[in-house]
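The structure appears right after this line, and notes come after that.
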Amino acid sequence: MLRRAVRDHLHARRQDAREREQTAWRAAELAAAAARSLREEASGALLPAAEQDESVLPLTALAGTEQTREIPAVIVGRAPVAAY
């Protein structure tokens with residue numbers, strides 16, 4: 001009888017731990033999806049602004065001079081994330 005009670009108790013503890021782990025994985029996946037969405041939204045907000053600034057420049061101002069400043073490249077993509 002005692003053996004059965006211990007077995008049932010351990011089984012219940014394993015089930016609880018499994019449910020907590022599944023909840024944690026779901027939360028981590030949701031956080032990763034939210035981070036991807038925010039990153040895409042931020043890059044989407046920055047890229048059109050950069051393209052618009054370039055298109056506003058008058059073409060005659062650059063005709064007689066040489067451009068000496070490099071325009072930094074904007075890298076769009078996912079940040080490296082450790083996969084478990």
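- Contacts of R18 classified as side chain to side chain contact (heavy atoms under 4.5 Å, CB included), with partners at least two apart in sequence or in another chain: Q15, Q22.
- Between R26 and T23, the closest side-chain pair of non-hydrogen atoms falls below 4.5 Å.
- A distance of 10.5 Å separates CD of E41 from CG of L46, quoted to the nearest 0.5 Å.
- A donor-acceptor contact shorter than 3.5 Å is absent between the side chain of S37 and the backbone of A33.
- By the side chain to side chain contact (heavy atoms under 4.5 Å, CB included) test, R7 is found to be paired with R4, residues two or more places apart in sequence or in another chain being considered.
- Under the side chain to side chain contact (heavy atoms under 4.5 Å, CB included) criterion, E19 pairs with D16, sequence neighbours left out.
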